[in-house]
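When reading the values below, keep in mind they use all heavy atoms of this one structure, side chains included, and skip hydrogens, waters and symmetry mates. Both ligands and their constituent atoms are indexed starting at 1 by order of listing. The first residue of the sequence shown is numbered 1, and numbering continues consecutively from there.
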Amino acid sequence: MSLLKPKLSPEVADALASGGAIVALESTIITHGMPYPANLETALGVEAVVRENGAVPATIAVIDGELRAGLERDELEKLAQAKGVVKASGRDLAVAMVRGQTAGTTVSATMLLADLAGIDIFATGGVGGVHRGAEQTFDISADLTELGRTKTAVVCAGVKSILDIAKTLEYLETQRVPVIAYGTEDFPAFFTRQSGYKADHRLDTAEEIARAMFLHHQLGTGTGLLIANPIPEAAALTHDFIDGTIADAVREAEERGIGRKELTPFLLARINELSKGESLKANIELVRNNARLAAKMAVAYAALKKQ
Ligand code: PSU
Ligand code: MN
């Protein structure tokens, strides 16, 4: 049985055919991670940043049941305003196809589809992880198991402290996923440049990260890589400001009994409200920053593959 491939935009198809640099982008951040119109502006802005840095953007989603890599502007506009869109992790894709649904793809689903398309690098804001209280709820994002089985390098700004960061790092260790911090020893916590935990590894250039990716795959590890890129200093929030807000949002979710796939979108929306939009501003900046690094990695990686 042959493997499916997502339908490629002409630009992405050209780049793949010529061995050019491509950066995959996810769409749950558009459908469930940010409010309209900030989600659309961010999606368009991130694509522009990828292009400015020499790579082709491939936003991944399911549109009317069709797997897609590379969306046109009007499709992004529709996705950003659509109501009742599915949040699809890798396990939800087949049913979304059968039902003809439109879905935002999580990190897990985006990695899977990027890999099927032949795209090696993917930029996002934050990945899912082990939720606080997971010892009771068992709530561990499929993003982490996907990283343990799919060969995509994911550039993120670390994980938010809506998650149990220590357990998330432990889980990635179990899954044989290297966690590489860019230009720092610290594992960043999304809104802040430090989480209180160290990353496993530090590399200081996009070229070095691309070489590490190349070798990681040549070793037949079969796993992805997590690249943690700290939010730019000027956009970072202070621990004092954001930690209380996150704690309030987590408590509220618990009180209201929110769980499973609704939990992360609820927390993101609540943190945005409680922070009066400060978290959203930081979120936009860090995603752009990740797109920049991912594009530079993609340029370096494309050159390595041609050697
Ligand atoms: N964290 C964020 N922003 C996001 C997400 C996580 O800061 O948009 C989204 C991503 O698409 C991620 C998904 O893959 O949430 C994880 O959801 P869950 O925790 O339900 O696995
Ligand atoms: Mn979950």
Query raised in the report: What pair of heavy atoms forms the shortest contact from Ala236 to Ile231, and how long is it?
Result: CB-CG2, 3.7 Å
Write out the residue and atom name of the closest protein heavy atom to [atom], then the distance separating them to 0.1 Å.
atom: atom 3 (N) of ligand 1; answer: Leu268 CD1, 3.4 Å
atom: atom 6 (C) of ligand 1; answer: Gly126 O, 3.6 Å
atom: atom 15 (O) of ligand 1; answer: Thr264 CG2, 3.7 Å
atom: atom 9 (C) of ligand 1; answer: Thr28 CG2, 4.1 Å
atom: atom 21 (O) of ligand 1; answer: Ser141 OG, 2.7 Å

**Report entry** Among Lys151, His216, His217, side-chain contact (heavy atoms from CB on, under 4.5 Å) partner for Thr223
**Finding:** His216
Query - Name of the residue among Val23, Asn53, Thr205 meeting side-chain contact (heavy atoms from CB on, under 4.5 Å) with Lys296 - result: Asn53
Query raised in the report: Can you name the one residue among Arg99, Lys87, Lys261 that meets salt bridge (charged side-chain N to carboxylate O under 4.0 Å, His left out) with Asp92?
Result: Lys261
Side chain, backbone, both or neither: [X] near ligand 1, heavy atoms under 4.0 Å:
X: Glu26; answer: side chain
X: His32; answer: neither
X: Lys87; answer: side chain

Report task. Pick whichever of Leu286, Val107, Val154, Asp143 has a heavy atom sitting closest to atom 16 (C) of ligand 1. Result -> Asp143
Under 4.0 Å from any heavy atom of [X], which atoms of ligand 1 are there?
X: Phe190; answer: 7 (O)
X: Lys160; answer: 1 (N), 2 (C), 3 (N), 7 (O)
X: Ile29; answer: 8 (O)
X: Thr106; answer: 11 (O), 14 (O)
X: His131; answer: 19 (O)

Query raised in the report: Between Glu285 and Lys281, is the closest basic N to carboxylate O distance under 4.0 Å?
Result: no
Query raised in the report: Any salt bridge between Asp120 and Lys305, counting N to O under 4.0 Å?
Result: yes
Query raised in the report: Does any N or O atom in Lys261 lie less than 3.5 angstrom from one in ligand 1, N or O only?
Result: no
Query raised in the report: Going through the checks in order, is the side-chain contact (heavy atoms from CB on, under 4.5 Å) test met by Ile180 and Arg202?
Result: CA-CA 5 Å; Ile180 301 171; Arg202 168 184 180 154; over 6 Å; no
Report task. Evaluate the criterion side-chain contact (heavy atoms from CB on, under 4.5 Å) for residue pair Ile242 and Thr192; output intermediate values, then yes/no. Result -> CA-CA 9 Å; Ile242 200 66; Thr192 54; 4.2 Å; yes
Requested in this report: Identify, by name, the N, O or S atom of Asp139 lying closest to the Mn ion (ligand 2).
Outcome: OD1
Query raised in the report: Between Phe187 and Asp200, is a side-chain contact (heavy atoms from CB on, under 4.5 Å) present by the stated rule, with each step listed?
Result: CA-CA 8 Å; Phe187 185 71; Asp200 302 309; over 6 Å; no
Query raised in the report: Please walk me through it: do Thr31 and Leu79 pass side-chain contact (heavy atoms from CB on, under 4.5 Å)?
Result: CA-CA 7 Å; Thr31 57; Leu79 201 59; 3.8 Å; yes
